[in-house]
Amino acid sequence: MIECVSGLFRNQGLHARPKILFTPILLLPTLTLPMSSTTFNLAALAGDGIGPEVMREAIKVLRAVEKKFSLTFNITEAPVGWAGIDAAGKALPDATLELCRKSDSILFGSVGLPDRDPTIPKEERPERAALLRLRKEFGLFANLRPVKLPKELAHSCPLRLDRQSDGIDILVVRELTGGMYFGQPKKTEQVSPGVQRAIDTMVYTTPEIERIAHVAFKAASVRRKKVTSIDKANVLENGVLWRDVVTTVGKLYPGVALEHMFVDNGAMQLLLKPTQFDVMLCENMFGDILSDEAAALAGSLGMLPSASLGATSGERTFGFYEPAGGTAPDIAGKNLANPIAQILSTALMLRYSFGLNDAADSIDRAVGQAIASGLRTGDIFNAADTAAKKVGTREMGDAIAGAI
Ligand code: NAD
């Protein structure tokens, strides 16, 4: 039996909790190279659109961290998405998947191109064939999306200043491998001439809810100690089970306050009083929607990193790290993309997969310095701010790497 979540946050000063054992995740990545605690094998899958541009800057920053903290990152790049289809006929080429299996963690850009996606069958399209496949393959059941609005970027938040209070700082914890996106049956059928019926199925089991609830409570323990669990218990059977199980798990964390909120109210409260939230715990589809709504509060998708965590093995937690946004074809190839989301995703990797908190802090600080010094990519630029200087993807990456 593998204890799936006990290793998470190990290095964040958590006290021992009652041990609860979960269903084992069988698809553990195989670590084939002998490794010291300062050597890390990383798969870098840049993907499509702005993916390669922002990945280049993230690797630049990791190289600076490597030097400063005497670490070794063996970074191997491989194609995925349309880059995978063009190179090897599949959105997730076999060699790319094999590389991921041999790696300690995956750094991912983004995949999919709206003008090319409709030209191939749905199941072969990059988001389904690569992204969803990787999540399932590596048992990435927990998605963590920190949403932070630095005070210098208050202008890019769509809410009035008084609704932002002292700044927004929310962690959305989303269940990633269950619910409606994976439940069976899932199909579209012809029921009569001219009438089709589409079926998606929402399914959750007790262990699936337990393990994601533990992630949320542990995260809240080292934050502001509050979990808001999102469900639709007034309508859905899944919601009733979700609420029951989260309540039971919550009793194991007496230092963390738990509140339940219906998803429709949660969507509204995010706009009315976002500062009431610390950790928002959501099932897959509600988390998908609410994490994007929360993301809008930070002003740009270009600022938002994301971590997807799988099993813990020894001191390391296998993780998949990516920006919250997509391939942004409207700005791809023009040195316009904001690389900060991709760069901050490397900080999440150092923190959550490898427990390298000092190195992760150095990236967070360097990003803060670049913002404080007035550097802005187009998505966060405010012409009214006389101290702001518009820069490109590369220049932002250079400044952050330089500040490490
Ligand atoms: P998108 O996130 O790519 O773009 C939405 C808007 O946000 C655009 O205006 C874009 O320019 C902007 N944006 C996103 N990231 C940015 C950054 N780093 N810097 C500056 N601006 C940024 O969403 P979309 O347009 O709906 O989707 C485009 C493609 O990406 C689609 O094919 C979609 O399927 C795919 N997609 C992939 C992922 C993923 O791989 N995880 C996620 C979402 C969308």
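Residue indices begin at 1 and follow the sequence shown. Just so you know, ligand 1 is whichever comes first in the structure, and atom 1 is the first atom listed for that ligand. Everything numeric here is computed off the predicted structure, so don't read it as measured data.
The proximity of Asn338 to ligand 1, defined as any non-hydrogen pair under 4.0 Å, involves the side chain as well as the backbone. No part of Thr377 comes within 4.0 Å of ligand 1, judged by heavy-atom distances. Contacts between Leu336 and ligand 1, counted as non-hydrogen atom pairs separated by less than 4.0 Å, are absent for every part of the residue. Contacts of Pro329 with ligand 1, taken as heavy-atom pairs under 4.0 Å, involve the side chain alone. At a heavy-atom cutoff of 4.0 Å, ligand 1 is contacted by no atom of Val54, backbone or side chain. Residue contacts with ligand 1, taken as heavy atom pairs separated by less than 4.0 Å, involve Glu322 solely via side-chain atoms from C-beta onward.
Considering backbone and side-chain N/O of Ala328, one or more are found under 3.5 Å from N/O of ligand 1. The shortest N or O to N or O distance between Val111 and ligand 1 is under 3.5 Å. Of the polar atoms of Thr327, at least one N or O is found under 3.5 Å from an N or O of ligand 1, judged by distance alone. Between Asp330 and ligand 1, at least one N/O pair is under 3.5 Å apart.
Salt-bridge formation is detected for the pair Glu137/Arg101: a Lys NZ or Arg NE/NH1/NH2 atom is positioned less than 4.0 Å from an Asp or Glu carboxylate oxygen. Salt-bridge formation is detected for the pair Arg351/Asp364: a Lys NZ or Arg NE/NH1/NH2 atom is positioned less than 4.0 Å from an Asp or Glu carboxylate oxygen.
Residues forming a side chain to side chain donor-acceptor pair (under 3.5 Å) with Lys151 (at least two apart in sequence, or on another chain): none.
Atoms of ligand 1 lying under 4.0 Å from any heavy atom of Ala337, numbered from 1 in the order shown and given with element: 19 (N).
When distances from atom 19 (N) of ligand 1 to the protein are checked, a heavy atom turns up under 4.0 Å. Less than 4.0 angstrom separates atom 26 (O) of ligand 1 from none of the non-hydrogen atoms of the protein. Note that atom 7 (O) of ligand 1 has protein non-hydrogen atoms nearby, at separations under 4.0 angstrom.
In terms of protein heavy-atom proximity, atom 15 (N) of ligand 1 is closest to Ile50 CD1, 3.9 Å. Protein heavy atom in closest approach to atom 44 (C) of ligand 1: Gly326 CA, 3.5 Å.
Between Trp242 and Tyr204, the ring planes are perpendicular. Angles over 60° get that label, and only those under 30° would be called parallel.
The structure places CD of Gln269 at 10.5 Å from CD of Glu293, a figure rounded to the nearest 0.5 Å.
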